[in-house]
Amino acid sequence: MPDTEDKPIQNFIETIIEKDIADNKNGGRVHTRFPPEPNGYLHIGHAKSICLNFGLALKYNGLCNLRFDDTNPAKEDVEYVESIINDVRWLGFDWENRLYFASDYFRQFYEYAIQLIKDGNAYVCSLSTDEIREYRGTLTEPGIPSPYRNRSVEENLDLFERMKAGEFEEGTHLLRAKIDMASPNLNMRDPAIYRIKKAAHHRTGDTWCIYPMYDFAHGFEDSIERITHSICTLEFEDHRPLYDWFLDKLGVFHPQQIEFGRLNLTYTVMSKRKLLRLVEEGYVSGWDDPRMPTIAGLRRRGYTPESIRKFCEIIGVTKSFSISEISLLEYCLREDLNLRAQRVMAVLHPLKVTITNYPEGTVEMLDAVNNPEDESAGTRKIPFSRVIYIEQEDFMENPPKQFFRLSPGKEVRLKHAYYITCQQVIKDDDGNVIELLCTYDPQTRGGWSTDGRNVKGTSHWVSAAHAVDAEIRLYHHLFTVPNPEEAPEGKDFTANINPHSLEVLAGCKVEPSLVEAANGTVYQFLRQGYFSKDPDSTSDKLVFNRAVSLRDTWQKVKKNV
RNA sequence: UGGCCGGUCGCCAAGCGGUAAGGCACGGGCCUUUGGAGCCCGCAUUCGUAGGUUCGAAUCCUACCCGGCCAGCCA
């Protein structure tokens, strides 16, 4: 039954939060956080989490922190923290003065660990890495207690202190929680709390040579910041009992962990590890390659923060595993840019057209609407002259009935200019069409006629004498299959990489006004798509990225011809 | 074969015992100086399967099937 009143759809997390507010839990306070590890660039999957966490804070009049979960110096780097800060800000979110680092809490974590030892809830284990794995048991068999499990509090305190002092080599000792080696949840089989790592940390230098594990640290990070709702992805569901265990043992403020399903997209991969491989193995030019699902890549390609936020809003938040179609993301971009992008004319595959009855040496400045969706965008002047370029695709020598562009003897409209009729086709020795000789109707200036003529086709064009050369990069799916994870036997996702995902067009002809455009500006190239000016552009070489093409009904019609 | 979580249209997703929202995609039509945009119409007699409870079930119960995650001193 259709609901007459449109009550906003709330996701399951909002349901929990609204109940908590109603129950006056945490005094009705809502405080979330986005906790990335600075070990890679943010991707669209992170954007979902960012929009969720910051969005919830906004919706419920709460706060959202940006916190770096930097507990593993071996993998982390300042380059990543800088890119993450930049990306979250670009997406449009504000953490005010609440930028935190887990590493700022290292001293506190250390004291929590001491307390755990004193209470008999943690011990130093001196088993090797391999032995620990063997003692852990399997999915179906319980583990075996470590022989070091019952060391005295004094001995544990001494050993832990010496771990911290750097007396031991990596891998020789480990601080573990004393929980239950027979738990069906492997995370509860005496998990590691602190490991020895003699690596310099990007923020604390070599102050420490022991570093806390995620499970131990994360809950305390949330607790210290008085987070009310700690939102993470589904794979941490099995860790929740541990999250709760640490907080309960120390008796500190206890945030609620809530898990949701992470974003997956067709025709791409979404794990930092896999994206890193694409970068390191040279499949793409870098983290900001426009084919990458990274925020940096999407930004360079021409995606707007608004379109990404809209996407994150409409995909929803649930606990089920899902793979969203990339076409939905593309739809969000088109929807946003349609309203805002300035229209401009650019010819990707130029075909020379000489208008034989147009006076030589004459240049007319014609009016062109900048954006039919936005009158306030105004108009601009574009030059028209005797020789122009049109799109090769806009001419067919022997067209099917449904083709209403240019062909011998037929008339079309040049957008904003005149009607032209094709009189003669000039070919090279190989039979390729290299030029069209056309005539124009002076009475149709601006593209109108008063005699009721039905000219259905409209082509974009540029004046040959005024056009500027440009390189245009077209992007196709990075992978050839919707789910790259499904690789052939014995192969991994790289077997599904699309070798033709980048198509570079040289010698494209664009409107002269684009020379002055700032890098990053996104235009609609009339009838073709949305293109962003790439930072590779220089004063004498323009480069554009196709962010997304326009819907192309003709392509569909063509298939059925 | 252990534990946890999940299965509603091709994809995403509402629904919370009263008789299947919406979006994307797709198909058709209108309109159009972008074959763009916009507008209109169509698109699950059925909710993983099988039983059961009930006047009534996608919603409750039971069993089974399928999918995801977990055996890092990663997060």
Side-chain angles (χ1 to χ4, degrees), chain A residues 1-3 6 9-11 15 35-37 39 69 71-72 74-75 125 127-129 132-134 136-143 170-176 183-189 191-197 210-211 213-215 217-218 232-241 259 261 266 272-273 314-332 334-335 338-339 343 345 369 372-373 402-405 413-417 419 444 446-448 455-460 482 524-529 549-558:
Chain A
M1 275 289 102
D3 226 335
D6 46 19
I9 304 293
Q10 61 176 208
N11 62 51
T15 304
E37 181 190 14
N39 67 343
D69 203 358
T71 56
N72 185 356
K75 294 186 175 180
C125 180
L127 250 23
S128 70
T129 306
I132 284 184
R133 188 183 313 118
E134 288 161 20
R136 184 155 34 224
T138 68
L139 295 177
T140 51
E141 304 159 47
E170 291 184 14
T172 58
H173 299 274
L174 181 70
L175 185 69
R176 294 226 254 168
S183 172
N185 181 347
L186 304 229
N187 295 121
M188 301 299 273
R189 320 243 261 228
I193 293 177
Y194 260 97
R195 76 289 212 183
I196 298 168
K197 241 185 206 332
I210 53 172
Y211 291 91
M213 297 290 292
Y214 168 87
D215 286 312
H218 205 87
C232 60
T233 44
L234 253 27
E235 67 271 26
F236 291 103
E237 229 161 354
D238 286 342
H239 296 244
R240 188 173 356 116
E259 312 84 15
T266 55
K272 277 195 266 188
R273 214 194 84 74
I314 67 179
I315 52 175
V317 177
T318 67
K319 292 187 69 116
S320 49
F321 174 87
S322 65
I323 304 178
S324 293
E325 290 179 348
I326 192 108
S327 60
L328 184 57
L329 213 212
E330 295 172 341
Y331 161 81
C332 291
R334 288 194 193 100
E335 186 187 55
N338 176 47
L339 267 20
R343 272 61 169 173
M345 293 200 282
V369 169
E373 302 293 328
Q402 300 96 317
F403 186 82
F404 39 85
R405 275 115 96 149
R413 170 173 35 244
L414 293 178
K415 181 77 174 175
H416 304 310
Y419 292 175
T444 58
W448 299 96
V455 175
K456 201 164 186 192
T458 300
S459 286
H460 58 276
Q524 183 191 106
F525 285 4
L526 227 56
R527 302 208 300 137
Q528 306 192 96
S549 63
L550 247 32
R551 263 206 199 85
D552 192 349
T553 310
W554 166 239
Q555 288 300 330
K556 287 176 190 169
V557 174
K558 211 163 70 174

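Protein chains get the first letters and strands the later ones, always in sequence-line order, with residue 1 at the start of each.
What you find for A/L234 and A/G261 is that their closest heavy atoms are CD2-CA, 3.5 Å.
Without hydrogens or angle criteria, A/R413 side chain to A/W448 main chain gives no donor-acceptor distance under 3.5 Å. Within the 3.5 Å criterion, the main-chain N or O of A/T458 finds a donor-acceptor partner in the side chain of A/R527. A/N185 contributes a side-chain N or O that, together with a main-chain N or O of A/D238, makes up a donor-acceptor pair within less than 3.5 Å. Under a 3.5 Å cut-off, the side chain of A/R334 and the backbone N or O of A/S549 do form a donor-acceptor pair. The backbone N or O of A/L526 lies less than 3.5 Å from no partner atom in the side chain of A/K415, so there is not a single donor-acceptor pair.
Within the 4.0 Å cut-off from OP1 or OP2 of B/G7, not a single side-chain nitrogen or oxygen of A/S320 is found. The shortest distance between the side-chain N/O atoms of A/T458 and the OP1/OP2 oxygens of B/U32 is not below 4.0 Å. For B/U32, the OP1/OP2 oxygens have no side-chain nitrogen or oxygen of A/K456 closer than 4.0 Å.
The cationic atom of A/K456 (NZ for Lys, CZ for Arg) lies less than 6.0 Å from the six-membered ring centre of A/F404 and within 45° of the ring axis.
Put simply, the side chain of A/Q555 and the base of B/G35 share no donor and acceptor less than 3.5 Å apart. In this model, a side-chain donor or acceptor of A/E373 finds a partner on the base of B/G36 within 3.5 Å.
The listed nucleotides are B/U34, B/C12, B/G36; the one nearest the side chain of A/T553 is B/G36. Side chain of A/P372, nearest nucleotide from B/U34, B/U32, B/G6: B/U34. Distances from the side chain of A/R551 to the nucleotides B/C24, B/G2, B/U34 place B/C24 closest.
A/H416 comes within contact range of at least one nucleobase, with a heavy-atom separation under 4.0 Å. When heavy atoms are screened at a 4.0 angstrom cut-off, A/Q528 is found touching no nucleic acid atom at all.
Pair check for B/U62 finds B/A50; Watson-Crick or G-U wobble, both atom distances under 3.5 Å. Across the strands present, B/C4 finds its partner in B/G68; the criterion is a Watson-Crick or G-U wobble pair with both atom distances under 3.5 angstrom. For B/G42, the paired base is B/C26 (Watson-Crick or G-U wobble, both distances below 3.5 Å). In this structure B/U32 sits in no base pair that meets the Watson-Crick or G-U test at under 3.5 Å. Under the Watson-Crick and G-U wobble criteria, each requiring two contacts below 3.5 Å, nucleotide B/A14 is left unpaired. Taking a pair to require two hydrogen-bonding distances under 3.5 Å in either a Watson-Crick or a G-U wobble arrangement, B/C74 remains unpaired.
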Sugar-phosphate or base contact per nucleotide [nucleotides 68-75 of chain B; S, B, -; heavy atom under 4.0 Å]: -BBBSBSB

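Place A/T15 and A/F403 on RNA chain B by their nearest nucleotides, and A/T15 ends up nearer the 5' end.
With its glycosidic angle within 90° of 0, B/G72 adopts the syn conformation.
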